[in-house]
Engineer: 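The structure that follows is given in the form of structure tokens.
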Amino acid sequence: MVCLTGVDYFSTLSYLPGIAALAAGALSPLATLLIVALTLLGMLPMYRRVAKESPHGQGSVAMLERLLPFWRGKVFVLVLLGFVATSWIITITLSAADATVHLLENPYLPPALQGQAVAITVVLLLILGGVFLLGFSEAVAVAIPLVAVFLGMNAIIIGAGLTEVFTTPGALSTWTGTLTSFGGGFTGVIGPALLAFPLLVLGLSGFETGVSMMPLVAAKGASPEERLADRVRNTRKLLTAAAVIMSVYLLGSSFVTTILIPTEEFQAGGEANGRALAYLAHEHLGNGFGSVYDISSILILWFAGASAMAGLVNIVPRYLPSYGMAPDWSRAVRPVVLVYTAISIAITIGFNADVNAQAGAYATGILAMMVSGAVAVTISAIRKRQRAASAGFTVLTVVMLYALAANVIEKPDGITISAFFILGIVVISLVSRVSRTTELRVERIEFDGTARQFITDTLAFDGRINLIANRPQVRDAAEYAAKEAAQRQNNPVPGTADVIFLEIDITDPSEFSEILQVRGVDVDGHRVLRAQSPAAPNAIAAILLALRDCTGVRPHAYFEWSEGNPIAHLMRYLLLGRGDTAPVVREIIRENESSPGKRPSIHVG
């Protein structure tokens, strides 16, 4: 799992040293040191806490969702999922495009492949999707050797680079002399490093993915609680191991590439642009080793999309289907892999497989996720009155907000692309929610003993089930007596018929489905069936169909017409879970029972 979650994280070694050198020049190792400090002192403690407080893999999104009830929480989650989708989809497309760049720049490449960047990237995406269609175990089997070989070859390059730095006369002194040439002392050195820092935060891209795949982490224990606790411990170990490994590699790669590679080679068109370690491999270890390293870089960059794909497969289906904002098939792995692959191919074609064109959106998505995580753990620490943690996470939040703001100012196209993702998710989600309004939206129905006795008694009385729908007010005997009298007058309730009242209390109407528990209550001789649900019509329809199925008798439900505009009633139903209930109940029943003779009867007067 370290390899699968870290494949995106570790693959940034292919291009991050070059980005650091372009952004900070000779100060690149210092800027990288800031990233390492942020990793070990900020991001690692933050995501270790996220893993503990969101142990089922929902990550910081779930922590923030709990802070905002009702539709505000759902809209907030949709916006965050827009940034998540931006980050992980662009991770897939950008990594594949960067793999193509490494392929096209290899000196042994057949001339026929030159100029085929889009086609090559699309093929890489199709292969990646194919691996995930086979299953997660196959993806892990691919990730392990890729990461092991890549890290091993990087260790060789960095080791050889360090040897050359410390054995070549003047190499180290030239660099230290450059540092001392910066005016302003310590401030003159650290200032430019801080300015370059936001561009290097991309080296922190693996944490949210690691947390999102917690359900896949192995765990031992005799009970579900013990296994969950063990999974949290193992996930925190996973995050720590990945952070420590990456920190060592980041510092070493930045140090050797800054000292050994001429500055002009980092510029656009230079041989080290976007591939600093590959440049060192070719220049100092020979084209044979360099070509093997190119292959390793191409493979890990191609498969870097695997951790993003795994994150998308694990986190998005946990939210949208449960909100009623995506079809139920989106919970399955293979259909969503096909959808994500198709979106990735469309984006690749739209951006012409250009790495730089996608970099802004990539950074914006990653930084937005990190900001959400920092805010979530800060609020958690404040609520638990943990002063030291609150102060530390507040500082982390400010740092991440600075990085996000600096990135948006530097590359405003990133927030624009993220906005399209957010808009797409919101629109698709709302359309899906509306289209699924007439589903039963109930996982199962449980009647308590009193409710079962009420049904048994009414069947014994006249062999019928007559239910009067009531929107409760004070719930006293006078209310039920008046309601029964009005229904017997306005609806064709037989004068001698035995009646039971049915009441639905609306919980959070922004939820979609849940287990429906029906309780029987006696109020001064008036028998009442009560349940709680996000939507009254769907719950009533589900109860009527369940009663028909378990008794073999078609229930009769009696309603009164609601006053007001039908359009207003529709909006109230969509947003608040209630409106003009009777027509919606009847439509839900019609859609779920094709035979008119088997449908529970709906009477409205």
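On a predicted model such as this, the values are computed, not experimentally measured, just so you know.
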Engineer: The criterion is side-chain contact (heavy atoms from CB on, under 4.5 Å); which residues satisfy it with Arg586, sequence neighbours excluded?
Structural biologist: Arg590, Arg599, Ile602
Engineer: Sequence neighbours left out, what passes side-chain hydrogen bond (donor to acceptor under 3.5 Å, both in side chains) with Ser380? Give chain and number order.
Structural biologist: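 Once residues adjacent in sequence are excluded, the partners of Ser380 under the side-chain hydrogen bond (donor to acceptor under 3.5 Å, both in side chains) criterion are Arg49, Glu53.
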Engineer: Kindly indicate, with the supporting measurements, whether the criterion side chain to side chain contact (heavy atoms under 4.5 Å, CB included) is fulfilled by Thr364 and Ile417.
Structural biologist: CA-CA 9 Å; Thr364 300; Ile417 296 170; over 6 Å; no
Engineer: Could I get the full list of side-chain hydrogen bond (donor to acceptor under 3.5 Å, both in side chains) partners for Arg475, not counting sequence neighbours?
Structural biologist: Glu503, Asp505
Engineer: With sequence neighbours left out, write down each residue that passes salt bridge (charged side-chain N to carboxylate O under 4.0 Å, His left out) with Arg527, or none if nothing qualifies.
Structural biologist: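 Expected list: Asp498.
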Engineer: Once you round to the nearest 0.5 Å, how far does CG of Asp448 lie from CD of Gln517?
Structural biologist: 9.0 Å
Engineer: Who passes side-chain contact (heavy atoms from CB on, under 4.5 Å) against Arg452, sequence neighbours left out?
Structural biologist: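 Expected list: Phe447.
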Engineer: Verify whether one side chain among Arg519 and Thr450 offers a donor that lies under 3.5 Å from an acceptor in the other.
Structural biologist: no
Engineer: Check whether the side chains of Glu560 and Asn491 place a donor and an acceptor atom closer than 3.5 Å, and report yes or no.
Structural biologist: no
Engineer: Would you indicate whether Phe461, at its atom CZ, is surrounded by more than 12 heavy atoms from other residues, nucleotides or ligands within a distance under 6.0 Å?
Structural biologist: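 Check passes, neighbour count above 12.
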Engineer: Check whether the side chains of Gln473 and Glu479 place a donor and an acceptor atom closer than 3.5 Å, and report yes or no.
Structural biologist: no
Engineer: List the steps, then state whether side chain to side chain contact (heavy atoms under 4.5 Å, CB included) holds for Leu128 with Ile92.
Structural biologist: CA-CA 9 Å; Leu128 178 66; Ile92 295 170; 4.0 Å; yes
Engineer: Please test Arg554 against Lys598 for side chain to side chain contact (heavy atoms under 4.5 Å, CB included), starting from the C-alpha separation and ending with a verdict.
Structural biologist: CA-CA 7 Å; Arg554 292 173 59 198; Lys598 296 180 180 180; 5.8 Å; no
Engineer: How many angstroms lie between CD1 in Ile465 and CD1 in Ile543, if you round to the nearest 0.5 Å?
Structural biologist: 12.0 Å
Engineer: Do Asn466 and Tyr558 pair up side chain to side chain, a donor and an acceptor below 3.5 Å, judged on atom types alone?
Structural biologist: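 The criterion, which ignores hydrogens and geometry beyond distance, is satisfied for Tyr558 and Asn466.
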Engineer: Supply the atom-to-atom distance Phe83 CZ to Leu404 CG, rounded to the nearest 0.5 angstrom.
Structural biologist: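 If I round to the nearest 0.5 Å, the distance is 7.0 Å.
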Engineer: According to side-chain hydrogen bond (donor to acceptor under 3.5 Å, both in side chains), who are the partners of Thr416, at least two apart in sequence or on a separate chain?
Structural biologist: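 Counting only residues at least two positions away or on another chain, Thr416 forms no side-chain hydrogen bond (donor to acceptor under 3.5 Å, both in side chains).
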Engineer: Only pairs at least two apart or in different chains count here, so list each salt bridge (charged side-chain N to carboxylate O under 4.0 Å, His left out) that has a residue in residues 365-381.
Structural biologist: none
Engineer: Begin with the C-alpha distance, continue with both residues' side-chain angles, and end with the deciding distance and a verdict on salt bridge (Lys or Arg N to Asp or Glu O under 4.0 Å) for Glu225 and Arg227.
Structural biologist: CA-CA 5 Å; Glu225 292 76 17; Arg227 287 191 293 273; over 6 Å; no
Engineer: Which residues satisfy the side-chain contact (heavy atoms from CB on, under 4.5 Å) test with Leu401, sequence neighbours excluded?
Structural biologist: Val371, Thr397
Engineer: Tell me, please, which residues at least two apart from Arg548 pass side-chain hydrogen bond (donor to acceptor under 3.5 Å, both in side chains).
Structural biologist: Glu593
Engineer: Any non-hydrogen side-chain atom of Leu125 less than 4.5 Å from a side-chain atom of Thr348?
Structural biologist: yes
Engineer: Enter the distance from Ile415:CD1 to Leu367:CG here, rounded to the nearest 0.5 Å.
Structural biologist: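 Reported to 0.5 Å precision, the distance equals 10.0 Å.
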Engineer: Quick one: CG on Asn470 to CZ on Arg530, what's the gap to the nearest 0.5 Å?
Structural biologist: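 That separation rounds to 9.0 Å.
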Engineer: List in chain and number order the residues that pass salt bridge (charged side-chain N to carboxylate O under 4.0 Å, His left out) with Asp230, two or more places apart in sequence or in another chain; answer none if no residue qualifies.
Structural biologist: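 Expected list: Arg233.
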Engineer: Roughly how far, to the nearest 0.5 Å, is the NE2 atom of His603 from the CZ atom of Phe559?
Structural biologist: 10.0 Å
Engineer: Please list all pairs passing the salt bridge (charged side-chain N to carboxylate O under 4.0 Å, His left out) test where one or both residues lie in residues 453-462, with sequence neighbours left out.
Structural biologist: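 For residues 453-462, and leaving out neighbouring residues, there are no salt bridge (charged side-chain N to carboxylate O under 4.0 Å, His left out) pairs at all.
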Engineer: Which residues pass the salt bridge (charged side-chain N to carboxylate O under 4.0 Å, His left out) test with Glu591, sequence neighbours left out?
Structural biologist: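 Scan of Glu591 (salt bridge (charged side-chain N to carboxylate O under 4.0 Å, His left out), adjacent residues dropped) gives none.
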